[in-house]
Amino acid sequence: MQAPSVGGVMLPRGNGEAIRLSRGASLTDFAEKINANPASLVAVMMNLGEMVTATQSVSDETLQLLAGEMNYTVQIVSPEEEDRELLESFDLEFGEDEGSEEDLVVRPPVVTVMGHVDHGKTRLLDAIRKTNVIAGEAGGITQHIGAYQVATEVNEEERRITFIDTPGHEAFTAMRARGARSTDIAILVVAANDGVMPQTVEALNHAKAAEVPIVVAVNKIDVEGADPTKVRGQLTEYGLVAEEFGGDTMFVDISAKQGLHIDSLLEAVVLTADASLDLRANPTQDAQGISIESRLDRGRGAVATVLVQRGTLRVGDTMVVGDAYGRVRAMLDDNGNNVAEAGPSTPVQVLGLTNVPGAGDNFIVVDEDRTARQIAEKRAARERNAAFAKRTRRVSLEDLDKVLKAGEVQQLNLIIKGDASGSVEALESSLLQLDVGEEVDIRVLHRGVGAVTESDIDLAMGSDAIVIGFNVRAAGRAAQMAEREGVDVRYYSVIYQAIEEIEAALKGMLKPEYEEVELGTAEIREVFRSSKLGNIAGVLIRSGEVKRNTKARLLRDGKVIAESLNIVGLRRFKDDVTEIREGFEGGINLGNFNDIKVDDVIATYEMREKPRV
């Protein structure tokens with residue numbers, strides 16, 4: 001049945017039937033479903049006031065608008081359903097244990113530690129693992145996620161528990177939610193002196209949505225003002241009733257700092273798992289699981305931390321993780337030791353992937369490299385289309401308020417680079433959620449893992465974008481290129497600062513009083529040991545000049561290793577000097593900081609007052 005013509009074009013008209021389309025579908029995809037000419041749909045969109053090409057990926061809202069005009073309804077296929085259909089086309093299935101009941105064996109529980117920021121989640125894992133990870137976190141906030149396996153003794157039997165460490169800051173909501181979806185049991189950490197806080201409730205809701213049992217760790221019982229009973233009362237309002245109050249939730253009072261009652265907490269996790277869950281998996285099938293975290297390592301390439309959920313992953317297996325694939329070249333456990341295979345509930349670092357997968361991507365082992373490549377390429381194309389279709393919300397941060405005052409509707413284009421995929425994803429998610437009114441849109445043109453490269457600067461030049469480096473710096477000639485072309489590159493090590501600065505700029509409130517001016521860079525050619533002065537860096541000045549008593553940062557493989565260092569001593573041969581210029585060699589003493597290696601780069605800078613114009 002033909003509808004009246006629109007703009008002189010006759011169109012098929014539906015009877016309200018549903019059309020299934022994937023995210024980022026084009027008008028051509030829509031036309032194929034209803035047996036229409038794509039050009040006619042372009043004409044319809046023009047009549048509706050939208051300029052869209054036939055092959056352009058369009059947003060879900062645009063598809064709904066077009067479908068409504070033609071008396072169809074649109075069902076946007078969820079990413080999970082798209083992926084399931086993709087795997088089915090290769091006769092693969094994710095998420096199911098193969099074989100019979102006899103093939104299933106008991107596996108360790110996978111535990112996520114959740115709770116409000118600064119309530120002691122990292123210190124608790126620190127106490128459990130007897131290592132110190134918090135010292136390496138900027139601002140004391142966990143900004144990456146990882147997985148670790150520990151052993152404990154319950155009823156004279158050794159039991160293993162796998163921990164997924166998810167960050168506590170609100171910016172990591174998506175990562176934390178994903179952690180809850182991949183976990184068996186959640187440990188909810190609540191500080192006895194603070195009680196239930198907003199993120200405590202948020203974490204609790206994630207755990208409930210994932211339908212996982214919860215064990216409550218009441219931390220900081222050694223702190224003044226601690227009231228564990230009050231915490232039990234507060235959580236009762238949210239449906240967590242302690243066993244001593246007649247409920248079924250185990251509460252354990254602990255002090256992560258003092259290491260008190262950690263064994264009791266681990267025992268509670270094991271007992272809860274035994275009582276509430278049937279934790280079994282088939283270790284003999286092809287491995288399947290989830291990517292916890294991934295990063296780019298200069299010497300080893302893409303390194304992904306994966307959690308095997310079923311089957312056994314072995315060195316030499318061909319796997320596909322999100323839009324990355326490859327043959328497993330090597331596997332490392334959480335202590336950095338090489339392992340040949342990893343069974344259910346075991347976290348390992350995998351080397352050999354073609355690129356860096358996203359945090360939370362599913363992985364599956366396949367028989368052939370060709371199959372893995374085809375799946376990865378189709379996933380990548382799907383993600384590209386979805387990204388093009390996003391109507392995500394451009395401009396130098398310094399000039400943004402002037403643009404707003406001119407009354408123009410503008411778009412802030414961003415390129416985000418970071419040291420780990422989870423951090424990049426969290427930062428992007430937080431920035432896109434900034435509420436700055438209707439005047440300005442934010443659009444993330446590109447995000448990736450690794451140092452800021454020349455191609456990033458090229459993209460920023462062509463689109464007038466701002467580059468954000470999160471725990472990474474510009475590599476090679478990218479820094480000089482950015483300065484030469486006037487590209488605004490911003491570096492951050494704490495996610496709060498990035499969010500606050502972008503938000504302040506969007507609201508026209510950014511008024512920087514000082515700016516960082518790079519003075520020079522020096523490449524370490526040799527390290528000399530001195531019993532009196534510590535390690536001395538024998539350097540070649542690559543650019544600018546290095547001055548004594550200025551600030552410096554140490555870069556290794558493009559990543560920032562140390563900030564706020566001081567150039568304490570500067571020498572040319574045996575003479576103390578105040579500065580060394582580009583092209584000359586010399587010696588640099590960074591005071592008490594001795595963690596320097598050959599090929600590291602010392603970048604010096606100073607803060608100069610910058611008046612607002």
Side-chain angles (χ1 to χ4, degrees), residues 111-144 148 150 152 161 163-173 176 179 185-208 213-269 271-272 493-497 500:
V111 178
T112 300
V113 179
M114 310 171 89
H116 189 74
V117 66
D118 199 34
H119 274 200
K121 299 178 298 300
T122 303
R123 196 175 286 279
L124 172 58
L125 278 162
D126 192 16
I128 291 170
R129 293 162 47 217
K130 301 294 191 293
T131 59
N132 190 355
V133 294
I134 198 168
E137 301 288 358
I141 308 163
T142 311
Q143 310 205 54
H144 300 164
Y148 322 95
V150 300
T152 186
I161 304 172
F163 283 89
I164 295 180
D165 178 17
T166 63
H169 178 256
E170 62 183 358
F172 295 87
T173 299
R176 190 160 61 245
I185 294 175
I187 294 180
L188 184 65
V189 180
V190 188
N193 58 334
D194 274 355
V196 175
M197 302 292 276
Q199 283 178 320
T200 310
V201 178
E202 180 193 344
L204 176 58
N205 290 336
H206 283 316
K208 284 185 173 179
I214 297 170
V215 174
V216 180
V218 184
N219 193 21
K220 302 188 181 182
I221 58 171
D222 56 325
V223 174
E224 185 179 346
D227 189 353
T229 305
K230 178 185 172 185
V231 173
R232 286 165 168 77
Q234 288 176 324
L235 285 174
T236 301
E237 300 173 23
Y238 298 95
L240 292 184
V241 183
E243 285 185 332
E244 55 264 43
F245 293 170
D248 55 5
T249 303
M250 295 187 74
F251 281 67
V252 183
D253 297 338
I254 65 167
S255 169
K257 188 174 183 179
Q258 304 293 338
L260 297 176
H261 308 149
I262 303 299
D263 290 341
S264 300
L265 178 63
L266 298 178
E267 184 179 0
V269 168
L271 294 175
T272 301
S493 60
V494 176
I495 199 168
Y496 290 122
Q497 296 172 353
E500 288 171 2

Check whether any side-chain heavy atom of H261 sits under 4.5 Å from a side-chain heavy atom of I221, and report yes or no.
yes

Which pairs with one or both residues in residues 218-230 pass salt bridge (charged side-chain N to carboxylate O under 4.0 Å, His left out), sequence neighbours excluded?
none

Once salt bridge (charged side-chain N to carboxylate O under 4.0 Å, His left out) is applied, what residue pairs with a partner in residues 189-201 remain, sequence neighbours excluded?
none

Of the non-hydrogen atoms in V231 and A191, which two are nearest, and what is the gap between them?
CG2-O, 4.0 Å

Measuring from I128:CD1 to T152:OG1, what's the distance to the nearest 0.5 Å?
9.5 Å

Mind listing the closest non-hydrogen atom pair of G195 and Q234 along with its distance?
CA-OE1, 3.3 Å

4.5 Å side-chain heavy-atom contact, I262 and L124
yes

With V111, which residues qualify under side-chain contact (heavy atoms from CB on, under 4.5 Å), at least two apart?
I161, F163, I185, I187, V269

What's the separation between atom OG1 in T229 and atom CZ in F251, rounded to the nearest 0.5 Å?
10.5 Å

Heavy-atom closest pair (A207 atom, A186 atom, distance to 0.1 Å) is CB-CB, 3.9 Å

For a side chain to side chain contact (heavy atoms under 4.5 Å, CB included) check, start with the C-alpha distance between T236 and V241, then their side-chain angles and the critical distance, and finish with the verdict.
CA-CA 5 Å; T236 301; V241 183; 4.1 Å; yes

Could you pull out the closest heavy-atom pair between P228 and A192, with the gap in Å?
N-CB, 4.3 Å

In short, salt bridge (charged side-chain N to carboxylate O under 4.0 Å, His left out) pairs touching residues 234-252 with sequence neighbours left out are R232-E244

Approximate separation, where rounding is to 0.5 Å, of I214 CD1 and L204 CG
4.5 Å

Would you mind reporting whether I254 and N219 have side-chain heavy atoms less than 4.5 Å apart?
yes

Using a 6.0 Å cut-off, check whether atom NZ of K257 has over 12 heavy atoms from anything other than its own residue.
no

List for me each residue that meets side-chain contact (heavy atoms from CB on, under 4.5 Å) alongside Q497, sequence neighbours excluded, and say none if there are none.
Y492, V494

Using a 4.5 Å cut-off on heavy atoms from C-beta on, say whether the side chain of Y238 contacts that of T200.
no

List the residues meeting side-chain hydrogen bond (donor to acceptor under 3.5 Å, both in side chains) with T272, not counting sequence neighbours, and say none if there are none.
none

Does L235 reach the side chain of L188, with side-chain heavy atoms less than 4.5 Å apart?
yes

